[in-house]
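These notes are about the structure you will find just below.
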Number of protein chains: 2
Amino acid sequence: MFGKTIDVIECAPPDSRRTRILDRAALLFGEHGYDRTSMRDIATAVGILPGSVYYHFPSKEALLAAVYAAAIDQAIETLNAAIAPHSDPWDRLEAAAIAHLGILVGGGSIAVVIADGPNLPATARTELIAQRHRYEAVFRTLVSAIDLPPGVGRSSFRLALLGALNWSLTWYHANGDPPATVARNLFAVFRAGRLSNP
Amino acid sequence: MFGKTIDVIECAPPDSRRTRILDRAALLFGEHGYDRTSMRDIATAVGILPGSVYYHFPSKEALLAAVYAAAIDQAIETLNAAIAPHSDPWDRLEAAAIAHLGILVGGGSIAVVIADGPNLPATARTELIAQRHRYEAVFRTLVSAIDLPPGVGRSSFRLALLGALNWSLTWYHANGDPPATVARNLFAVFRAGRLSNP
DNA sequence: GTCTATATTAGGATAGAC
DNA sequence: GTCTATCCTAATATAGAC
């Protein structure tokens with residue numbers, strides 16, 4: 001009756017090894033892309049052997065999905081923290097844009113999802129796209145709160161803004177400016193269309 | 001003396017096989033990306049065997065570079081043809097934006113360079129980036145001709161516009177609109193900042 | 001949980017016949 | 001110029017010992 005072991009403590013370091021793999025994988029995926037990061041690379045970075053990774057994740061795609069989900073969660077938190085201090089809708093959107101670019105060039109985890117999108121495995125695509133939409137919903141909400149000039153669609157505006165920001169990853173090195181400056185400069189382009197204040 | 005054969009005709013189909021390889025490779029690279037397209041795929045599409053490709057191109061990267069250069073040339077021509085009929089600077093830029101998106105979603109050759117940028121082999125990167133700059137120079141010229149609101153940098157404007165357009169490749173399927181409509185909608189976001197006409 | 005060892009597949013590239 | 005045949009490398013993934 002009393003022989004059964006009950007795990008009371010399960011939250012301290014909720015799975016140190018698994019978490020380490022997740023972290024390193026996120027870093028490598030973000031830095032070199034999904035295709036160019038091998039399970040060997042990840043294992044080496046963690047300090048274990050390739051085969052051992054498969055004890056924690058059944059496949060490379062499953063690992064990607066886990067990395068992705070965690071990255072999105074973290075990114076949404078960062079985003080919300082950045083917009084919280086602001087009340088003007090345009091300021092909130094700008095804060096989000098700055099935070100977004102910071103997340104991207106931070107080399108962090110979410111960059112995979114964002115920058116490497118088209119090159120991710122087709123079989124996991126559906127799940128990954130769902131996660132990305134969860135993140136982009138934050139922007140959808142922010143954009144719904146601003147006034148746009150006539151003739152400018154809300155979704156076009158949102159997609160253009162996110163596209164401009166995401167695309168900056170491809171040319172970021174050229175410019176010595178810090179991410180926040182780049183984001184502000186890009187955002188100025190979109191803010192230029194703001195209706196004059198009453 | 002007269003035994004030597006002289007090839008008088010050398011311009012009719014200037015290298016049918018080489019051209020066919022180039023075309024098919026462009027198509028496959030554009031459709032599936034560089035990494036996911038194997039030399040075997042290309043050879044099969046052309047109707048020859050993998051080894052035979054190497055008679056025409058020394059390596060996969062060399063093939064990519066050739067595809068890229070040809071694609072850029074063709075894209076620049078398309079771009080110039082599209083802007084030629086227009087005289088107003090904003091109309092010219094809009095025409096270029098529409099043409100650009102058409103080229104991209106045309107599934108054609110240049111999509112590789114554009115969409116697959118970060119995933120191309122590092123060793124060929126320099127050459128490829130130089131080619132891309134040649135293409136983007138057209139936009140640089142067009143942007144230099146428009147009036148921008150104060151506080152909006154020209155290069156930020158150009159990069160934001162190209163980013164918005166290029167990024168549309170990642171979500172294009174969702175929207176049933178034809179490329180020209182998508183481009184027009186996106187461009188409206190940027191045009192909203194136009195200074196009121198005198 | 002991690003190791004050793006290895007199966008399996010796939011892709012880039014080459015040698016030499018024809 | 002194209003074919004046949006093959007080498008070499010790298011990557012995902014698995015089996016079973018410890």
Side-chain angles (χ1 to χ4, degrees), chain A residues 5 7 9-10 12-26 28-29 31-68 112 116 119-125 128, chain B residues 5 7 9-10 12-29 31-68 112 116 119-125 127-128:
Chain A
T5 332
D7 291 334
I9 309 160
E10 47 179 353
D15 200 357
S16 182
R17 247 317 177 269
R18 203 188 126 99
T19 306
R20 264 178 65 89
I21 295 174
L22 228 40
D23 282 352
R24 299 296 182 155
L28 291 170
F29 284 159
E31 202 170 339
H32 304 116
Y34 176 78
D35 278 341
R36 290 204 222 295
T37 303
S38 70
M39 293 298 258
R40 280 175 175 77
D41 296 337
I42 296 165
T44 303
V46 175
I48 57 177
L49 291 184
S52 308
V53 179
Y54 287 87
Y55 174 79
H56 302 274
F57 300 93
S59 71
K60 190 183 177 186
E61 287 192 12
L63 175 55
L64 171 65
V67 165
Y68 207 70
V112 213
D116 215 23
N119 280 58
L120 300 176
T123 47
R125 192 85 53 96
L128 300 184
Chain B
T5 332
D7 290 334
I9 310 160
E10 47 179 353
D15 200 356
S16 183
R17 248 317 178 268
R18 205 189 125 99
T19 307
R20 264 178 65 90
I21 295 174
L22 228 39
D23 283 352
R24 299 296 181 154
L27 211 69
L28 291 171
F29 284 159
E31 202 170 339
H32 305 117
Y34 176 77
D35 278 340
R36 291 204 220 296
T37 303
S38 70
M39 293 297 260
R40 283 172 173 79
D41 294 337
I42 295 166
T44 303
V46 175
I48 58 178
L49 291 184
S52 308
V53 180
Y54 287 86
Y55 173 81
H56 302 276
F57 301 93
S59 71
K60 191 183 178 186
E61 287 192 12
L63 175 55
L64 171 65
V67 164
Y68 206 70
V112 211
D116 216 19
N119 281 60
L120 299 177
T123 48
R125 192 85 52 96
E127 164 69 10
L128 301 183

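Chain identifiers are assigned alphabetically (A, B, ...) following the order of the sequence lines, protein sequences preceding nucleic acid strands; residue numbering begins at 1 within each chain. All heavy atoms count here, side chains included; hydrogens, waters and symmetry mates do not. Remember, predicted model here, so these are calculated numbers, not experimental data.
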Atom NE2 of B/H56 to atom C1' of C/dA13: distance rounded to whole Å?
16 Å

If you look only at pairs with a residue in residues 57-67 of chain A, which of them pass as a side-chain hydrogen bond (donor to acceptor under 3.5 Å, both in side chains), with sequence neighbours excluded?
A/E61-A/T123

Could you tell me whether the side chain of A/R20 and the main chain of A/V46 form a donor-acceptor pair under 3.5 Å?
yes

Sequence neighbours left out, what passes side-chain contact (heavy atoms from CB on, under 4.5 Å) with A/S38? Give chain and number order.
A/R40, A/D41

Taking all non-hydrogen atoms of both residues into account, name the closest pair between B/L120 and B/R125 and its distance.
O-NH2, 3.3 Å

Distance check needed: C/dG11 P versus B/L28 CG, whole Å only.
13 Å

Sort me out a list of protein N/O and nucleotides 9-12 of chain D N/O pairs below 3.5 Å, or just none if empty.
{"residue": "D/dT12", "atom": "OP1", "partner": "A/M39", "partner atom": "N", "Å": "3.4"}
{"residue": "D/dT12", "atom": "OP1", "partner": "A/K60", "partner atom": "NZ", "Å": "2.9"}
{"residue": "D/dT12", "atom": "OP2", "partner": "A/M39", "partner atom": "N", "Å": "2.9"}

Any base atoms under 4.0 Å from B/L49, or only sugar-phosphate, or nothing? Heavy atoms, all strands.
base

Side-chain N,O (B/R17) to OP1/OP2 (D/dG1) below 4.0 Å:
no

Which atom names give the shortest non-hydrogen contact between B/I48 and B/V53, and what distance separates them?
CD1-CG2, 4.0 Å

So how far is it from A/L63 CG to A/R18 CZ, rounded to the nearest 0.5 Å?
9.0 Å

Distance check needed: C/dA13 P versus B/Y55 OH, whole Å only.
18 Å

Can you tell me if the side-chain N/O atoms of B/S52 get under 4.0 Å from OP1 or OP2 in D/dG1?
no

